[in-house]
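All figures in this text were calculated on a predicted structure; none of them were measured in a lab. Chain letters run A, B, ... following the sequence lines, proteins first, then strands; residues in each count from 1.
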Protein chains: 2
Amino acid sequence: MSVLKKIEAKLEAMAPGDREIGQYIVGNPDQMLRLSTAALAAEIGRSQSSVVKFSQKLGYASYQELKLAVSEAKAQEWQVPAGVIHGSIEVGDSFQVILKKLIGSKLLSMQQTVAANSERVISRALEMLDGARRIHLVGVGASSLVARDFSYKLMKLGRNVLHDSDSHVQMANVSTLGPGDVLFALSYSGASIETLRIAELARKRGTTVIAVTGLHDNPLSRVADIRLYTIADEERARSSSITARDAQLTLTDLLFILLVQRQPDANDYVHNSEMAVSVLKADRSS
Amino acid sequence: MSVLKKIEAKLEAMAPGDREIGQYIVGNPDQMLRLSTAALAAEIGRSQSSVVKFSQKLGYASYQELKLAVSEAKAQEWQVPAGVIHGSIEVGDSFQVILKKLIGSKLLSMQQTVAANSERVISRALEMLDGARRIHLVGVGASSLVARDFSYKLMKLGRNVLHDSDSHVQMANVSTLGPGDVLFALSYSGASIETLRIAELARKRGTTVIAVTGLHDNPLSRVADIRLYTIADEERARSSSITARDAQLTLTDLLFILLVQRQPDANDYVHNSEMAVSVLKADRSS
DNA sequence: TTGGATTTGGAATAATTTATTCCTTGAAAT
DNA sequence: ATTTCAAGGAATAAATTATTCCAAATCCAA
């Protein structure tokens with residue numbers, strides 16, 4: 001946990017003097033970094049020594065160490081840039097601000113998505129995908145694109161994959177599935193009717209269903225054998241479809257890479273398929 | 001630019017003593033953060049005052065300021081986790097390491113991609129897209145998925161969009177284009193034959209061509225009126241298709257958001273299209 | 001070359017900052 | 001009421017940082 005969070009958490013239990021110091025640091029980390037113990041003490045009307053003692057009570061060897069920790073904490077915060085999480089992209093924003101907010105939201109959804117899925121569940125999903133006779137990928141709308149992207153990657157690994165962007169075709173394909181096959185269903189809402197029906201049908205036929213949905217209760221994940229979750233900033237319609245897609249891609253990319261890890265000859269497959277495609281490239285200098 | 005890069009750049013022009021100090025800091029930023037001027041001086045066998053002077057020559061008011069700058073620089077580095085840039089995902093990597101590397105590469109390509117396109121070029125592209133009678137999106141393979149994703153978004157804004165994943169159909173569509181239309185062509189290599197031919201044809205018909213390619217010389221961007229660039233970690237086949245796609249998406253997402261910004265009624269369009277889709281959702285609790 | 005000018009960089013020292021010690025105060029416990 | 005102990009500040013010691021000054025090295029121009 002970052003120092004700032006740690007201080008914030010302990011604030012309650014602190015003596016009044018220490019609390020004032022803590023509040024100041026949490027509230028003004030930037031200033032604090034450029035203040036000496038005496039200056040900080042003056043800022044809040046306390047003694048210089050109390051600031052030093054504050055640092056030590058938190059377990060740091062020196063005030064400088066505390067500063068380093070604060071600096072680091074602020075850095076981690078950059079990762080999820082200040083003001084980004086709670087502020088959607090606004091009409092008045094400058095180009096630079098939009099860039100920061102866009103990348104910030106993307107990063108946040110990626111991080112939260114990987115954090116939302118335990119290694120255990122991921123490796124169960126891997127087992128299933130790895131052992132599957134056939135993998136059927138379903139999704140509609142934007143999720144369909146992610147499904148297709150994942151299907152390309154799985155094909156590169158020589159897997160037996162089924163995907164069509166037309167949900168009727170998807171439905172028709174389900175009737176050929178059975179035990180030993182895997183249905184990989186993507187839907188951020190977890191409520192897309194077509195995807196849901198297909199998952200239900202597959203389940204009935206004994207096919208293992210892996211669902212990738214948002215982290216809210218939803219019908220699709222209730223149907224599934226293995227539940228994977230994606231996190232996007234739901235509130236903001238303007239960016240939500242972007243981050244929901246990024247989250248899904250992060251998850252499928254992760255699964256792909258982990259499959260490559262456990263398939264010794266994966267590089268050959270990938271290499272061969274890339275060679276094959278390169279025949280369709282023009283000479284770059286032509 | 002980060003202090004470390006700045007120091008590295010100036011290293012050449014420095015006096016021997018300063019160079020030694022600079023090298024140490026660049027090489028051991030972590031240690032440096034915990035060293036006093038005297039300790040750092042002792043470390044490399046120089047005088048304490050020379051360290052102070054070094055800080056001042058770099059334009060910092062004090063050694064502490066330099067430390068803050070270094071700490072910040074290191075923080076930015078964290079964003080692109082240490083070892084990620086130069087290390088691809090290896091077979092022996094643990095789950096946690098893979099997560100970090102994956103997100104690290106994704107973040108890096110997003111950041112570098114937005115940095116690679118000047119605001120000027122982006123706004124020219126926007127002008128074109130905004131004023132276009134029709135927008136024709138082309139791309140094959142993975143780029144086709146990005147093209148489709150972008151086309152969905154443009155449709156949400158009520159734009160006149162043309163896209164088909166079949167390159168023959170794409171080609172057929174080109175013949176209906178003319179001046180006032182825009183061709184948006186995606187290809188990381190910039191050498192996909194179909195996309196290239198389509199772009200050439202469109203150009204001949206007076207259509208404005210916007211190309212999104214990797215940052216190397218390539219035939220597609222040579223044909224284009226407006227050149228946008230994507231950055232991916234080329235070297236590593238295993239992740240390159242992932243980051244190339246992420247870079248393309250970052251760019252198209254950015255364009256989409258900027259279009260929303262300049263279209264006053266955009267929210268209505270987006271809202272309406274989302275309402276329309278929600279008819280196809282099951283009740284989440286059902 | 002040679003002699004002045006400039007730069008480099010260290011020693012000494014001043015100034016500032018940090019850490020410790022010691023003491024007072026006040027609140028809780030007995 | 002007395003003891004105990006935590007809180008917190010004043011004083012001071014220790015350390016770190018900044019400045020000044022000077023010697024040596026280096027660079028130029030004549």
[atom1] of [X] versus [atom2] of [N]: gap in Å, rounded?
| X | N | atom1 | atom2 | result |
| --- | --- | --- | --- | --- |
| B:Arg19 | C:dT8 | CZ | C1' | 13 Å |
| A:Lys53 | D:dA10 | NZ | P | 11 Å |
| B:Ile44 | C:dG9 | CD1 | C1' | 12 Å |
| B:Phe54 | C:dT8 | CZ | P | 13 Å |
| B:Glu65 | D:dT16 | CD | P | 19 Å |
| A:Arg34 | C:dT16 | CZ | C1' | 18 Å |
| A:Leu66 | C:dT18 | CG | P | 11 Å |
| B:Leu58 | D:dA18 | CG | P | 13 Å |

Does [X] have a side-chain nitrogen or oxygen under 4.0 Å from the phosphate oxygens OP1 or OP2 of [N]?
| X | N | result |
| --- | --- | --- |
| A:Thr37 | C:dT18 | yes |
| A:Ser47 | D:dG9 | yes |
| A:Gln48 | D:dA10 | no |
| A:Gln64 | C:dT17 | no |

field: B:Ser189 side chain reached by B:Thr213 side chain, heavy atoms, under 4.5 Å
entry: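 No - every pair of side-chain heavy atoms lies 4.5 Å or more apart.
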
message: Can you see whether A:Thr243 engages A:Ser109 through a side-chain donor-acceptor pair at a distance of less than 3.5 angstrom?
response: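 No, no side-chain donor-acceptor pair sits under 3.5 Å.
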
query: Counting any heavy atom closer than 4.0 Å, what does A:Ser49 reach on the DNA or RNA strands: base, sugar-phosphate only, or nothing?
result: base

message: Given D:dT17, D:dG9, C:dT17, identify the nucleotide with an atom nearest to the side chain of A:Ser36.
response: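 Minimum distance to the A:Ser36 side chain belongs to C:dT17.
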
message: Which nucleotide wins on minimum distance to the side chain of B:Gln56, given the candidates D:dT19, D:dG9, C:dA19?
response: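 So the side chain of B:Gln56 is nearest to D:dT19.
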
task: Could you tell me whether a side-chain N or O of A:Asn28 sits under 3.5 Å from a main-chain N or O of A:Gln31, the two making a donor and an acceptor?
output: no

Side chain to side chain donor-acceptor pair (under 3.5 Å) between A:Gln48 and A:Thr37, worked out: CA-CA 5 Å; A:Gln48 177 263 332; A:Thr37 51; 3.2 Å; yes

- prompt: DNA chain C: B:Gly45 or A:Ser55, which has the more 5' nearest nucleotide?
  reply: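 Result of the comparison: B:Gly45.
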
- request: List the atom of B:Gly214, the atom of B:Tyr229, and the distance in Å for their closest heavy-atom pair.
  value: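 Scanning both residues, the minimum pair turns out to be O-CD2, 3.4 Å.
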
